[in-house]
Amino acid sequence: MLFNPFRRPAPRSARTHLSAADWPDVVYAIGDVHGCLDELRSLERNIAADAAGIAGEKWIVMLGDYVDRGNHSAGVLDHLSAAPPPGFRRICLAGNHETMMLRFLETPGPNDDWLKFGGMETLSSYGISMSAVTRAGRKELKAIIDSHIPQEHVAFLRDLPLTLSLPGVVFVHAGLRPGIDSVERQSEDDLLWIRDEFFNAPPIQDRMVVHGHTPAAEAVCLPGRICVDTGAFATGRLTAARLRAEEPVRLLTN
């Protein structure tokens, strides 16, 4: 496994965990957006059309990684900070790229590793050039960032919850560490970064995990987990999973 400079052990998380005792009538879980605003808007239109014949409560659950790599991260955060599509409730969860961005915003530096993981594209979407980043001192760079990135966006990133639990299903960015039954006891590091340990473990009886984080050409639907990260920034395909009680999962794309 490659060393990841962003993984820092965190036995407990300061972020919140959401849960509900009852399902809404339908949930649409959307995978990693990564700055792809047009694809997100298109997928939301398809979701609205799909849900037109469904009465009752409708939720859109965003699975994290709204920024980096694509060209319109600022626009995506504007969009997600605004009202959801009419008739829907939207719940946005944290991804690892949001936490990387927040660390940079707190202590920015021209050699920060986040810039190599898509952060430069994010800063560019706010009108901050590469030359401004590389030439500025730390104090000057912090002033540039504070003048270009709205505090509303920073607050949005800070307030993102880690998980949403419904009866029989957990929505999370990356996955769950095997052997820890309680979602609240999972570390933030695992919830945002885990891969192999989660993928290689047997599924948990009566629990489905719906996640993103690990891109593939097609959505992955396996016993115990569904991954809807289809690499939108590289493929142009943004995917959502439609979940309803006692119905098979249905996949939608932009």
Side-chain angles (χ1 to χ4, degrees), residues 1-18 29-36 61-70 73 76-77 91-107 112-122 156-165 169-204 207-216 219-220 222 224-234 238-239 241:
M1 180 181 293
L2 294 176
F3 171 70
N4 190 323
F6 299 108
R7 295 198 70 165
R8 301 178 185 176
R12 298 297 296 270
S13 172
R15 292 185 181 270
T16 60
H17 298 270
L18 305 179
I30 297 180
D32 303 35
V33 178
H34 279 306
C36 297
V61 177
M62 307 294 302
L63 295 172
D65 278 9
Y66 314 120
V67 299
D68 300 347
R69 295 181 172 154
S73 292
V76 169
L77 293 186
I91 299 167
C92 297
L93 303 180
N96 59 306
H97 281 259
E98 283 74 58
T99 63
M100 287 192 284
M101 181 177 175
L102 279 174
R103 285 178 186 153
F104 176 85
L105 297 182
E106 291 168 359
T107 55
D112 193 289
D113 285 326
W114 173 63
L115 300 174
K116 306 169 189 175
F117 279 71
M120 197 58 246
E121 289 88 340
T122 294
F156 174 85
L157 297 174
R158 285 177 177 156
D159 291 343
L160 295 170
L162 280 171
T163 64
L164 168 66
S165 296
V169 177
V170 177
F171 299 87
V172 62
H173 178 63
L176 303 178
R177 178 164 292 278
I180 303 176
D181 293 336
S182 170
V183 171
E184 289 77 9
R185 292 183 59 237
Q186 296 272 337
S187 75
E188 180 173 317
D189 186 67
D190 284 332
L191 297 172
L192 299 180
W193 287 97
I194 199 168
R195 282 196 169 106
D196 291 345
E197 301 96 326
F198 170 54
F199 299 157
N200 295 334
I204 299 174
R207 176 187 279 179
M208 175 68 71
V209 180
V210 182
H211 67 98
H213 183 58
T214 302
V220 176
L222 296 172
R225 71 179 184 93
I226 299 168
C227 179
V228 285
D229 181 2
T230 46
F233 73 94
L238 185 64
T239 300

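Just so it is clear, the values below take in all heavy atoms, side chains as well, and ignore hydrogens, waters and symmetry mates. Since the model is a prediction, treat every value here as computed from it, not as a measurement.
- F198 pairs by the ring pair (Phe, Tyr, Trp, His ring centres under 6.0 Å) definition with H211, not counting sequence neighbours.
- Taking CZ from R69 and CZ from F233, the interatomic distance works out to 4.5 Å, rounded to the nearest 0.5 Å.
- Of the inter-residue distances, the one linking Y66 atom OH with I30 atom CD1 reads 9.5 Å to the nearest 0.5 angstrom.
- In this structure a side-chain-to-backbone donor-acceptor pair under 3.5 Å is present from S73 to D68.
- Put simply, the side chain of E188 reaches to within 4.5 Å of the side chain of T99, judged on heavy atoms.
- Looking at heavy atoms from C-beta onward, D112 lies out of side-chain contact with T107 at the 4.5 angstrom threshold.
- Rounding to the nearest 0.5 Å places OG1 of T163 at 5.0 Å from NE2 of H17.
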Check against side chain to side chain contact (heavy atoms under 4.5 Å, CB included), V183 and L162: CA-CA 10 Å; V183 171; L162 280 171; over 6 Å; no

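- D32 approaches H173 most closely through the heavy-atom pair OD2-CE1, 3.3 Å.
- Taking every heavy atom of both residues into account, A201 and P178 meet most closely at CB-CG, 3.3 Å.
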Worked verdict on V210 versus V170 for side chain to side chain contact (heavy atoms under 4.5 Å, CB included): CA-CA 6 Å; V210 182; V170 177; over 6 Å; no

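- Every residue meeting the side-chain contact (heavy atoms from CB on, under 4.5 Å) condition with I204, not counting sequence neighbours, appears here in chain and number order: R207.
- Closest approach of L160 to R15, counting heavy atoms only: O-NH1, 2.8 Å.
- Between W114 and F104, the ring planes are tilted. Angles from 30° to 60° get that label.
- Using a 4.5 Å heavy-atom cutoff, the side chains of R225 and F199 are in contact.
- Using a distance-only test at 3.5 Å, with no hydrogens or angles considered, a donor-acceptor pair links the side chain of D65 to the main chain of H97.
- Residues L63 and A29 come closest through the heavy atom pair CD1-CB, 4.2 Å.
- Counting only heavy atoms from C-beta outward, the side chains of T230 and L238 never approach each other to under 4.5 Å.
- Separation of atoms CG (L93) and CD (E98) is listed at 10.0 Å; rounding is to 0.5 Å.
- Atom CG in L115 sits 9.5 Å away from atom CD in E121 (nearest 0.5 Å).
- Looking only at side-chain heavy atoms (C-beta outward), L18 and L164 come within less than 4.5 Å of each other.
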D229 and T214: CA distance, side-chain angles, deciding distance, side chain to side chain contact (heavy atoms under 4.5 Å, CB included) verdict: CA-CA 6 Å; D229 181 2; T214 302; 5.6 Å; no

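- N200 contributes atom CG, which lies 13.0 Å from atom CZ of R195 (distance to the nearest 0.5 angstrom).
- The shortest heavy-atom contact between N96 and L192 is CB-O, 3.4 Å.
- Nearest approach of P161 to T16, heavy atoms of both residues: CB-OG1, 3.3 Å.
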